[in-house]
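Since the structure comes first, as structure tokens, the remarks are kept for the end.
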2 protein chains.
Amino acid sequence: MSKKEVVHLYKKVIEDLKSLIEKGEYKKGDLLPSENDLCRSYDTTRVTIRQALSALANMGYITRKHGKGSIVSEPKTGLGILSLSGVTVGVGDQKLTTSILQKPTKQNWPDDFFYQLDEIESDAGCIFFSRLRYIDNVPVLYEETHITNVDLPHFSSRSLENRSLFKILKDNYKIEVKEGEQKIWAIHADKNISALLNIKTTHPIVHMKRRLQTNNKKLRIYSSLYCNTEENFLQDSF
Amino acid sequence: MSKKEVVHLYKKVIEDLKSLIEKGEYKKGDLLPSENDLCRSYDTTRVTIRQALSALANMGYITRKHGKGSIVSEPKTGLGILSLSGVTVGVGDQKLTTSILQKPTKQNWPDDFFYQLDEIESDAGCIFFSRLRYIDNVPVLYEETHITNVDLPHFSSRSLENRSLFKILKDNYKIEVKEGEQKIWAIHADKNISALLNIKTTHPIVHMKRRLQTNNKKLRIYSSLYCNTEENFLQDSF
DNA sequence: GAAATTAACTTGTATATACAAGTTAATTTC
DNA sequence: GAAATTAACTTGTATATACAAGTTAATTTC
């Protein structure tokens with residue numbers, strides 16, 4: 001977009017440090033540069049740096065030790081879908097890929113939708129699509145997503161294959177996921193889900209329904225997920 | 001304890017507002033007093049108030065709206081065990097009770113314990129106990145807990161029935177839970193768990209393993225939980 | 001009376017600074 | 001050379017202040 005994009009400093013610090021950790025420049029047990037060192041690097045004050053470090057701690061990247069420093073946490077080995085990071089999988093040889101089963105299409109909200117919608121949302125309708133996620137070519141997660149159809153021109157024609165929904169929303173529409181809530185059950189897979197995940201219907205799976213808020217107050221992201229945790233447990237920090 | 005206990009102001013603000021929300025003085029959709037109003041009430045500055053409000057937002061009690069205020073979130077209707085709040089259940093008629101199946105006893109760590117222990121922990125041994133939780137007299141959650149046996153005199157003789165472990169640790173030992181991590185699976189209940197939860201062994205349940213850090217760096221809390229989510233889904237905000 | 005504009009609120013981002021409390025390294029003492 | 005003490009680091013809590021940006025109420029204009 002032609003309008004110059006402002007990136008707040010504390011967010012840049014978050015992204016910079018997150019990248020370094022994810023790339024392996026800082027490993028489990030390493031200390032990040034001290035708050036004072038980071039102040040010098042970014043020519044800023046401790047309040048700004050501390051806000052960034054606090055966010056990284058909340059996301060599980062680091063642990064703060066009084067008097068010692070910010071210690072890099074153990075990388076996740078499980079499937080990370082319980083937070084705002086989008087779907088992640090532990091480092092190592094494992095490869096997460098995504099295929100689109102139902103391309104984004106505009107539609108009305110289903111009757112008896114699993115979350116209560118407000119009037120703006122009801123009137124706007126939604127964009128629906130579904131994805132199947134694989135770890136090392138084994139299907140592990142099926143996800144149906146409804147997004148409030150507000151401020152999303154040309155979204156239906158975008159390709160989501162192997163791309164992050166959150167990143168597409170951010171890069172193309174300036175939409176950032178801010179917070180969310182979720183409900184979790186253990187269920188038996190029905191015939192459709194067991195076919196998709198390549199498991200028996202007697203197999204227990206984790207079922208989640210999530211509602212995510214974004215910086216666009218009219219636009220929410222609703223997901224219904226079915227996850228086979230036999231080989232890949234879900235993992236979360238808090 | 002005879003030593004005068006310092007309560008930091010931002011923590012007092014958190015506890016005060018949390019209490020008011022939990023008591024229903026502020027309801028879903030209500031606005032909390034503005035940051036400036038709270039500054040006047042507590043004779044402090046916005047940085048301190050904002051730190052408290054940020055913590056409340058992270059725990060899912062409020063949602064922050066730029067230019068509008070702090071809005072009280074919808075109370076949870078599900079079973080809250082996915083965060084640092086200890087076990088909670090939604091408001092309403094539902095009643096959460098706890099019975100102690102295995103009283104706290106000192107023991108060595110089990111072989112092949114489900115989390116990797118450091119040397120201090122291995123040497124210290126642990127305190128083990130188990131609890132069964134009921135909602136309206138229906139068993140829904142079985143939990144086995146190991147706590148590093150450090151700085152916990154007389155813990156084994158304490159009664160945990162219908163009491164919060166976190167509160168006991170805080171009030172009697174100044175131990176506060178700070179952060180944690182968890183792994184989640186959907187599994188079939190084995191014979192023992194199905195008997196405890198009063199379900200069939202073919203029944204899918206949520207299984208979790210958690211490791212919690214405390215302000216005492218030598219003392220961690222490890223839990224293994226089995227939860228029947230048929231009537232009571234797990235609920236979480238982030 | 002409706003629409004546009006302005007004012008007064010709110011939270012968000014940020015600078016500057018000080019002291020408390022925990023950790024580790026350097027120094028001193030014996 | 002070991003133990004005790006001190007110094008220099010770290011993060012934690014807090015005050016003070018300013019401006020940006022979003023929301024809502026009040027005022028002005030037509």
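Just so you know, these numbers come straight off a predicted model, no measurement behind them. Naming: A, B, ... by sequence-line order, numbering from 1 per chain. When reading the values below, keep in mind they use all heavy atoms of this one structure, side chains included, and skip hydrogens, waters and symmetry mates.
The CD1 atom of B/Ile49 sits 14 Å away from the P atom of D/dT13 (whole-angstrom rounding). Residue A/Asn215 contributes atom CG, which lies 11 Å from atom P of C/dT13 at whole-angstrom precision. Taking atom CZ of B/Arg46 as the reference point, atom P of D/dA20 lies 14 Å away to the nearest angstrom. In this entry the distance linking NE2 of A/His8 with P of D/dG22 reads 9 Å, nearest Å. Summarising the geometry, the separation between CD on A/Glu35 and C1' on D/dA14 is reported as 14 Å, rounded to the nearest angstrom. Per the geometry, CG belonging to B/Leu31 stands 8 Å off P belonging to C/dT11, to the nearest Å. At whole-Å resolution of the value, CG in A/Asn36 and P in C/dG22 are 19 Å apart. To the nearest angstrom, C1' of C/dG22 lies 13 Å from NZ of B/Lys218.
Checked against C/dT11, D/dA14, C/dT10, the side chain of B/Leu9 finds its nearest nucleotide in D/dA14. Taking only side-chain atoms of B/His66, from C-beta outward, the nucleotide of C/dT24, C/dT13, C/dG12 with the closest atom is C/dG12. Taking every side-chain heavy atom of B/Lys68 into account, D/dT24 is the closest of D/dT24, C/dT15, C/dT11. Considering only the side chain of B/Tyr10, D/dA14 comes nearest among C/dT15, D/dA14, C/dG12. Between D/dT10, D/dT13, D/dA16, one nucleotide has an atom nearer to the side chain of A/Arg50 than all others, and that is D/dT13.
Counting heavy-atom neighbours within 6.0 Å of A/Lys209 NZ, excluding the residue itself, gives a total above 12.
Using a 4.0 Å cut-off, no side-chain N or O of A/Thr45 falls inside it from OP1 or OP2 of C/dA16. At the phosphate of D/dA14, neither OP1 nor OP2 sits under 4.0 Å from any side-chain N or O atom of B/Gln51. Contact annotation: B/Thr48 side-chain N/O to D/dT15 OP1/OP2 distance is under 4.0 Å.
For D/dG22, the base has no donor-acceptor partner in the side chain of B/Arg64 [N/O atoms by modelled type, under 3.5 angstrom].
Between A/Thr63 and B/Glu179, the side chains place a donor N or O and an acceptor N or O closer than 3.5 Å (distance only, hydrogens not considered).
Between the side chain of B/Thr148 and the main chain of B/Arg220, a donor-acceptor pair closer than 3.5 Å is present. Remark: the backbone N or O of B/Gly125 is not paired with any side-chain donor or acceptor of B/Asn149 at under 3.5 angstrom. Judged by distance alone, the side chain of B/Thr214 and the main-chain N or O of B/Asn216 form a donor-acceptor pair under 3.5 Å.
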Practice prompt. Whenever both distances are under 3.5 Å in a Watson-Crick or G-U wobble pair, mark it; put DNA chain D into dot-bracket that way, with [ ] for crossing pairs and | when the partner is on another strand.
Written response: ||||||||||||||||||||||||||||||
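Evaluation of the salt bridge (charged side-chain N to carboxylate O under 4.0 Å, His left out) rule for B/Lys12 yields B/Asp16 as partners, not counting sequence neighbours.
Between B/Tyr115 and the choices B/Glu121, B/Lys183, B/His146, the side chain to side chain contact (heavy atoms under 4.5 Å, CB included) rule is met once, by B/Lys183.
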